[in-house]
Amino acid sequence: MFKSIMTCAGLAAFGAMGLAATAQQAPQAEPAQQQQQIPPAIVGALGGLHVAVLQDAEGGVVTVQNPQGENAVVLFLEPGAAEEAMQNPAIADMSVATIPLLQMMGSWQGPVVFEASSEEISYANGLNADDADYGAPVFFVLIDGKEAQIEAGAGPITPILLSSGDAADMAAQVSAQGVEASNVEVMPIEFGAVISQLASMQQDQGYRVFTHPDTAALIQSAQSGTEGNSQQ
C-alpha cells in the first residue's frame, strides 16, 4: 500500500454476540518457541498490543460459540467493550483483565472473536458512506488517500489505532503541520482484516497497532495497585 510520511510528534495512543458462561483457561506465555510460528509482520505490529478479556475467579476467559460450533475466545479492543458485554447476566460476575495479544496468539490454538465498544463502532459506521456495520473497527489516518506514517527511532511506522480519539488527534496533528484538512481523513477497517493482511506479508513493513488508552490506563492502575500492596 502507498504511504505518506509525516512527522507527528507526541502521539499519545499507546452486542455481546451471545456470550457463553463457559470459560476457557487463560493462555500461558510461551514466547520463544511460539512466536517463531507467528509471521514477523504480526510480531512487529502487535508486539506491544494489549487487549481486554472477561475472566472468572479461576482465570478462565469468556468464549462465544462461532458458526462452526467452536468455542472462540472473545478479545475486547478496550475495557469499555468488555463492560458492555457484562450486561449479559450469564457473565455479569466476571471481571475485566488485560492480556498481550501476542501471548494469546502464541498459546491459544482455537478461534478468537474481536469486539469493540458501541462508541467506537458508532464512530466507524459514521465515517463510512457505504452503510458498513463494523464489529471491531480500528483506524488509519490517510493523507491524500495514502497511509500516514510517523517517524520513530528505528524509522517510519504506520500507526493502526484502536481508539477513534487517538485517530482524530493524529489527523489534527497532521493538519497542524500544513496539510489541508480536506486531504486528511480517518479510515476504519475491521481488526480481523488487519490481522489477515499482516499474516500475508513476508516481512515486517512497519505497521504498529497501538493499545487503546483505556486499556493502558487499566494496566497502569493494576500495576500501581500491585506496587502499593507490596509496600505495605
Side-chain angles (χ1 to χ4, degrees), residues 1-14 38-51 75-78 80-81 101-102 105 114-216:
M1 286 178 270
F2 293 103
K3 302 172 184 176
S4 179
I5 300 177
M6 294 294 296
T7 303
C8 297
L11 182 64
F14 218 64
I38 302 175
I42 289 183
V43 173
L46 307 183
L49 178 63
H50 285 68
V51 294
L75 302 177
F76 301 95
L77 300 188
E78 60 166 302
L101 183 54
L102 275 184
M105 295 178 69
F114 295 106
E115 285 289 314
S117 70
S118 58
E119 179 179 357
E120 299 290 5
I121 291 172
S122 177
Y123 183 91
N125 288 341
L127 291 174
N128 198 310
D130 297 328
D131 296 325
D133 187 13
Y134 291 94
V138 295
F139 305 93
F140 286 94
V141 174
L142 304 182
I143 304 172
D144 293 326
K146 302 175 183 178
E147 298 163 356
Q149 295 186 316
I150 60 175
E151 292 291 347
I157 63 172
T158 303
I160 303 172
L161 305 168
L162 270 58
S163 164
S164 58
D166 284 341
D169 287 346
M170 181 178 172
Q173 290 179 30
V174 170
S175 296
Q177 294 180 28
V179 180
E180 288 290 337
S182 60
N183 296 332
V184 181
E185 64 177 310
V186 175
M187 181 187 75
I189 183 173
E190 283 288 349
F191 189 44
V194 170
I195 298 294
S196 295
Q197 291 181 28
L198 290 170
S200 69
M201 297 176 183
Q202 299 300 311
Q203 60 186 5
D204 183 3
Q205 296 189 18
Y207 291 95
R208 296 293 181 268
V209 184
F210 286 79
T211 299
H212 195 285
D214 290 350
T215 307

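Not counting sequence neighbours, the partners of Ser175 by the side-chain contact (heavy atoms from CB on, under 4.5 Å) test are Ala181, Val184. Remark: Ile157 engages Ile150, Ala152, Arg208, Phe210 in a side-chain contact (heavy atoms from CB on, under 4.5 Å) (not counting sequence neighbours). For Ser118, the side chain to side chain donor-acceptor pair (under 3.5 Å) criterion is met by Glu84, not counting sequence neighbours. Legend: residues meeting ring-ring contact (aromatic ring centres under 6.0 Å, His included) with Tyr134, ordered by chain and number and at least two apart, are absent. For Thr215, the side-chain contact (heavy atoms from CB on, under 4.5 Å) test picks out His50, Glu78, Pro79, Thr98, Thr211, His212, Ile219, with sequence neighbours left out. Under the side-chain contact (heavy atoms from CB on, under 4.5 Å) criterion, Ala193 pairs with Ile189, Glu190, sequence neighbours left out.
For residues 148-198, every residue pair satisfying the ring pair (Phe, Tyr, Trp, His ring centres under 6.0 Å) rule, not counting sequence neighbours, is listed here: Phe114-Phe191. For the salt bridge (charged side-chain N to carboxylate O under 4.0 Å, His left out) condition, no pair includes a residue of residues 38-51, sequence neighbours left out. Listed by first and then second residue, the ring pair (Phe, Tyr, Trp, His ring centres under 6.0 Å) pairs that reach into residues 144-189 come to none, sequence neighbours excluded.
Counting heavy atoms from C-beta on, the side chains of Leu161 and Met170 come closer than 4.5 Å. Between Pro137 and Ile121 there is a side-chain heavy-atom pair separated by less than 4.5 Å. Here the side chains of Met201 and Tyr207 are in contact, with some heavy-atom distance below 4.5 Å.
Between the side chain of Asp144 and the backbone N or O of Lys146 there is no donor-acceptor pair closer than 3.5 Å. Checking side-chain atoms of Ser200 against main-chain N and O of Gln197 turns up a donor-acceptor pair under 3.5 Å.
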Would you mind writing out the side-chain donor-acceptor pairs for residues 38-48 within the sub-3.5 Å range, not counting sequence neighbours?
none

* **Steps toward side chain to side chain contact (heavy atoms under 4.5 Å, CB included) verdict (Asn183, Val174)** => CA-CA 10 Å; Asn183 296 332; Val174 170; over 6 Å; no
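Residue Ser163 holds its OG atom at 7.5 Å from CG of Asp214, rounded to the nearest 0.5 Å.
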